[in-house]
Amino acid sequence: MPPDGPDSWPKGVSKKQWLVFYRIDGMSMQGGGLIDGKGEKWWNLPCKPHKGINGTTLPGPCDSPVAIRFFMSSNLTVQGLKIKNSPLFHFRFDSCRGVHVDSLYIKAPPQSPNTDGIHIENTNDVTIRNSIISNGDDCISIGAGCFNVDIRNMTCGPSHGISIGSLGFRNSRACVSNITVSDSTIKYSDNGVRIKTWQGGFGAVSKINFNNIRMESVRNPIILDQYYCSTKSCANQTSAVYISDVMYSNIKGTYDVRSPPMHLACSNSVPCTNLTFLDVELYPAQGQKILEPFCWNAYGALRTLTIPPVFCLLEGTPQSLPSSDADQC
């Protein structure tokens, strides 16, 4: 267990991370017991998104520690651990190569802010397997600079789902490719499989495969959001991260009727291309009325008739695409 909250944290010691492993090659972390991040006092800092009126926040110190962070390391195995209630992300891998994660149990309350289960950034050659994650943010979040990531046999939720992004924050470059999420269940979550980018970013997301995923009462089972914004309003910009070659196959189950089962909101200036749907069947968790998907500037193909039908998907390819965005990757 770490010190109990911000007031107990040692003076002069960074509040951004707790257990850190730096420049290590060939490390295995495994074993029984429980890692308890004791995050509640951090979640209740005035700067955090509160449950109060309109999710208001107040100024003040906001740094909160990631429970376990690996930085600039390679050939890592993290296996069989139980961890709960991190102040911020439970696991974070930055600038790592060759990461194998297996059989983790991660738990935090649904309202705990920014408690991502596993976050990777600038990290490649990753496998994440056979884990159960229930938390207040993304089960798994994939940041910029990640490629060759294989995620399978996960049970996720309640949570915010499995996300690529957010990408392109503050007009930054983001490149993500060769990501597979398969053979998993997402339940009682705000999102299912999600790609989220900010307006004004650049770079590309490509070769993404979401396959054989069961949805149970998920609010946005399939969501592609290029208008991601953490405040009430973000201005539209002409630059965007280019999204292409995304496959959605054998995605079945139920959706929370507060949102459409598919939400494909692509940039005004940089369309999404080559989105493919195969054996997608999503039914309302309550009632009989099936909501129509939402599409904006999204191009692709339906390999089979989907439920509900994605008639709003544009066929073929757009007449022109900014080549510079994708070429940056």
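We use all heavy atoms of the structure for the numbers below, so side chains are in, but hydrogens, waters and symmetry mates are not. For this chain, numbers begin at 1 and follow the sequence in order. These numbers come from a predicted model, not from an experiment.
- Residues Phe169, Tyr228 make up the rest of the hydrophobic cluster containing Trp198, defined by ILVMFWY side-chain heavy atoms closer than 4.5 Å, directly or through other members.
- Heavy atoms only, all atoms of each residue included: Ser64 and Lys48 are closest at OG-NZ, 3.0 Å.
- Here the side chain of Ser73 pairs a donor or acceptor atom with the backbone of Phe71 at under 3.5 angstrom.
- Membership of an apolar cluster is not assigned to Val20, as no side-chain contact below 4.5 Å to another ILVMFWY residue is traced.
- A 4.5 Å side-chain heavy-atom check between Ile243 and Cys266 finds every atom pair outside the cut-off.
- Remark: Asp225 does not engage Arg194 in a salt bridge, criterion side-chain N to carboxylate O under 4.0 Å.
- Within the 4.5 Å cutoff, no side-chain heavy atoms of Gln237 are placed close to those of Ser239.
- The aromatic rings of His119 and Phe89 sit tilted relative to each other, their planes meeting at an angle between 30° and 60°.
- Here the closest heavy-atom approach between residue His90 and residue Thr115 is recorded as ND1-O, 3.4 Å.
- When each of Val280, Leu313, Ile222, Leu282 is paired with Thr306, the side-chain contact (heavy atoms from CB on, under 4.5 Å) condition holds for Val280 and for no other.
- Between Ser159 and Ser189, some side-chain heavy-atom pair lies under the 4.5 Å cut-off.
- Salt-bridge check for Arg303 with Asp279: failed, with every basic side-chain N at 4.0 Å or more from each acidic carboxylate O.
- Minimum heavy-atom separation, Gly5 to Trp42: CA-NE1, 3.5 Å.
- Of the candidates Pro308, Cys295, Pro221, Met262 forms a side-chain contact (heavy atoms from CB on, under 4.5 Å) with just one, namely Pro308.
- Here the side chains of Arg129 and Asp150 are in contact, with some heavy-atom distance below 4.5 Å.
- Among all heavy-atom pairs drawn from Gln226 and Cys272, the shortest one is OE1-SG, 3.6 Å.
- Leu224 places a side-chain heavy atom less than 4.5 Å from the side chain of Tyr248.
- Closest of all the heavy-atom pairs between Gly117 and Ile133 is CA-CG2, 4.1 Å.
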